[in-house]
Amino acid sequence: MGLFDIFRRHKKHEDKQEKHSQQEEAKDQEVDSEVATTSQSTSSKSVAQEEATEVDQDSSATADVQPQNEEVSDNTTPVSSVEQTAESASAVEEETVTSQNDEPEEETPTTESSSQVAEVSAPAPESEVKSDDAEEEAEESTAVSDDETVGEESTAAKYDQGLEKSRTGFGARLNRFLANFRHVDEDFFDDLEDLLIESDVGYDMAMKLSDELREEVKLENAKSKQEVSNVIIEKMVELYDQAGKDEKPDLNFAKEGPTVIMFVGVNGAGKTTTIGKMAALFKSQGKKVLLAAADTFRAGATEQLDVWAKRDGVDIVTGPENGDPAAVVFDAVQKAKKENYDILFVDTAGRLQNKVNLMKELAKMKRILTREIPDAPHEVLLVLDATTGQNALNQAKLFKESTDVTGIVLTKLDGTARGGIVLAIRNELHLPVKYVGLGEKVTDLQKFDASEFVYGLFKDLVEVN
């Protein structure tokens with residue numbers, strides 16, 4: 001996962017999306033233009049039809065009015081001309097009959113012309129239908145490619161938004177650091193170490209990066225601040241990759257029977273919320289999910305998990321308040337086996353201040369799970385609050401000493417400028433980050449993607465050709 005390869009891939013994808021958007025806009029404008037043209041054509045034909053109808057009506061009205069005028073003029077004839085008046089009246093009657101007989105003949109062409117206009121205008125809707133069909137075919141042809149990129153777009157957008165504070169915070173520190181950049185010397189490396197430690201990448205990571213840069217003297221060829229920035233970030237990513245060579249970022253699922261996943265971590269880190277979000281995720285994938293509320297001592301813990309179970313539409317096993325958490329685990333695993341559940345999520349206590357008793361509790365739960373399902377628990381996920389920075393790292397070390405932690409879920413990553421903690425966890429604990437919380441919505445719990453994380457964290461700080 002080379003840094004610049006990641007950035008080039010994202011840039012290529014973004015350029016492709018921009019081009020696609022431009023094509024869609026051009027298509028929309030073309031359709032609008034066609035609709036406007038068709039509308040104008042139809043409107044002009046309608047006007048012509050109305051004018052033709054008005055002309056016919058006027059001619060018909062004229063034929064009717066003309067005899068009336070003659071009749072009026074006849075009324076002005078002197079009384080003495082009786083014979084002329086009779087002849088005139090007879091003529092009026094004949095003309096009136098003639099005009100009445102002629103009316104249908106005059107209306108017939110009008111009817112034919114209007115039907116012809118209707119026939120001419122009829123194909124317009126048909127052409128519009130064809131145009132719509134063509135658009136639908138074009139949309140169908142691009143539907144597959146669009147569907148393939150929807151997931152990538154959605155994931156990239158979530159990482160981009162979720163890591164905005166971390167990216168901004170790290171960028172501000174890096175800019176302050178580079179503001180005094182003149183050349184590479186001991187002061188340069190001292191300031192670099194401070195920068196990295198402030199960004200929560202960890203003391204060990206900061207020292208290792210500084211030492212490797214000293215040995216390779218890579219910065220000697222960097223002439224500008226941007227080149228210096230690129231070199232620092234590129235080296236960080238290289239060290240991050242090296243530290244995670246043997247990691248398995250995917251969850252380990254049971255080959256048969258229910259998969260059991262335990263969640264551990266201090267109170268307030270977000271265990272219960274993470275379980276609720278993950279239950280919703282797997283339920284949406286068609287999995288049959290069961291929750292075990294084994295955090296029986298924290299006030300409200302069972303009720304909180306029960307709310308999530310109802311919201312997600314999954315089942316839950318609970319016990320009495322202050323009861324034995326191992327008993328809840330036993331009942332849950334029995335139910336999971338008998339009723340063929342796909343996944344069992346086990347919530348646990350997080351009273352780190354009572355470390356000895358807590359670790360005994362966790363050990364007892366694990367023994368019960370292993371006795372009932374030999375490979376269980378298939379995962380022990382440590383939930384850490386990213387906003388606590390180095391405190392989260394210290395918690396991880398304590399739990400790792402006492403429990404077989406297999407992976408990390410890093411919550412509240414969107415609410416902190418300490419995204420560098422991911423680098424420290426991998427470098428110092430050699431534990432894979434399997435899921436990250438990038439927001440408050442259920443869908444903001446995302447499977448960890450190293451390349452998306454790197455791009456989201458350093459997006460505004462690296463330039464590629």
(request) Give, for atom CH2 of Trp308 and atom CD1 of Ile316, the distance between the pair rounded to the nearest 0.5 Å. (result) 12.5 Å
(message) Between Lys397 and Glu428, does any side-chain N to carboxylate O distance fall below 4.0 Å?
(response) yes
(request) Report yes if some heavy atom in the side chain of Tyr435 is under 4.5 Å from a heavy atom in the side chain of Val383; otherwise report no. (result) no
(request) Evaluate side chain to side chain contact (heavy atoms under 4.5 Å, CB included) for Ile425 paired with Leu384, printing each intermediate quantity in order. (result) CA-CA 10 Å; Ile425 289 170; Leu384 297 175; 4.0 Å; yes
(request) May I ask you to decide whether Lys459 forms a salt bridge with Asp160, counting only side-chain N to carboxylate O separations under 4.0 Å? (result) yes
(request) Give the minimum heavy-atom separation between Ala309 and Leu291, together with the two atoms involved. (result) CB-CD1, 3.9 Å
(message) I'd like to know if Asp444 pairs up with Lys277 as an ion pair, taking the criterion as any Lys NZ or Arg NE/NH1/NH2 lying under 4.0 Å from an Asp or Glu carboxylate oxygen.
(response) no
(request) Indicate whether any N or O donor in one side chain lies under 3.5 Å from an N or O acceptor in the other, for Gln390 and Asn394. (result) no
(message) Has Glu212 got a side-chain atom pairing as donor or acceptor with Leu209's backbone, closer than 3.5 angstrom?
(response) no
(request) Verify, without hydrogens or angle tests, whether Lys337 (side chain) and Glu372 (backbone) share a donor-acceptor contact under 3.5 angstrom. (result) yes
(message) Using only atom types and a distance under 3.5 Å, with no angle test, would you say the side chain of Thr411 pairs donor to acceptor with the backbone of Ala269?
(response) yes
(message) Checking Thr155 against Glu452: is there a side-chain donor and acceptor pair closer than 3.5 Å?
(response) no
(message) Check Lys158 with Glu440, please: is the shortest side-chain N to carboxylate O separation under 4.0 Å?
(response) no
(message) Test of understanding: with side chain to side chain contact (heavy atoms under 4.5 Å, CB included), list the residues that count as partners of Lys283, not counting sequence neighbours.
(response) Val314
(request) Nearest 0.5 Å please: distance from the CD atom of Glu193 over to the CZ atom of Phe188. (result) 10.5 Å
(request) Answer whether the closest heavy-atom distance between the side chains of Val237 and Phe458 falls below 4.5 Å. (result) yes
(message) Quick check against the 3.5 Å criterion: does His378 have a side-chain atom that pairs as donor or acceptor with the backbone of Ile261?
(response) no
(request) Please step through side chain to side chain contact (heavy atoms under 4.5 Å, CB included) for the pair Gln161 and Asp414, ending with a clear verdict. (result) CA-CA 7 Å; Gln161 294 171 6; Asp414 61 308; over 6 Å; no
(message) Looking at Asp331 and Lys335, is any side-chain nitrogen of the basic one under 4.0 Å from a carboxylate oxygen of the acidic one?
(response) no
(message) So which atom in Leu431 and which in Val405 form the shortest heavy-atom distance, rounded to 0.1 Å?
(response) CD2-O, 3.5 Å
(request) Quick one: closest heavy-atom pair of Lys366 and Asp404, and the distance? (result) NZ-OD2, 3.2 Å
(message) Within the structure provided, determine whether Asp295 and Pro325 are in side-chain contact (heavy-atom separation under 4.5 Å).
(response) no
(request) Flag the pair Phe448 / Phe453 as yes when their ring centroid distance falls below 6.0 Å, and as no otherwise. (result) yes
(message) Does either side chain, that of Asp347 or that of Thr272, offer a donor lying less than 3.5 Å from an acceptor on the other one?
(response) yes
(message) Could you report the tightest heavy-atom contact between Gly389 and Ile421, atom names first, then the distance?
(response) O-CD1, 3.3 Å
(request) Give a yes or no on whether a salt bridge exists between Asp250 and Lys447, defined as a side-chain N under 4.0 angstrom from a carboxylate O. (result) yes
(message) Could you tell me if Arg426 sits above the aromatic ring of Tyr240, with its cationic atom closer than 6.0 Å to the ring centre and no more than 45 degrees from the axis?
(response) yes
(request) Evaluate the side chain to side chain contact (heavy atoms under 4.5 Å, CB included) criterion for residues Met278 and Ile343: first the C-alpha distance (whole Å), next the side-chain angles of each, then the deciding distance (0.1 Å), finally the verdict. (result) CA-CA 11 Å; Met278 200 171 288; Ile343 300 177; over 6 Å; no
(request) May I ask you to establish whether Lys288 and Tyr341 are in a cation-pi arrangement, using a distance under 6.0 Å from NZ or CZ to the six-membered ring centre and at most 45° from the ring axis? (result) yes
(message) Suppose we call two aromatic rings close when their centres sit under 6.0 Å apart. Are Phe345 and Phe263 close by that rule?
(response) yes
(request) Return yes if some donor-acceptor pair links the side-chain N/O of Lys364 with the main-chain N/O of Ala326 below 3.5 Å, else return no. (result) no
(request) State plainly whether the residues Glu238 and Lys235 are in salt-bridge range, i.e. N to O under 4.0 Å. (result) yes
(request) Apply side-chain hydrogen bond (donor to acceptor under 3.5 Å, both in side chains) to Asn391 and Gln395, showing your working. (result) CA-CA 6 Å; Asn391 285 335; Gln395 292 168 17; over 6 Å; no
(request) Could you tell me whether Glu186 and Arg214 make a salt bridge, using a distance below 4.0 angstrom between a side-chain N and a carboxylate O? (result) yes
(request) For the residue pair Ile408 and Lys434, establish whether any side-chain heavy-atom pair is separated by less than 4.5 Å. (result) no
(request) For the residue pair Asp324 and Thr296, establish whether any side-chain heavy-atom pair is separated by less than 4.5 Å. (result) no
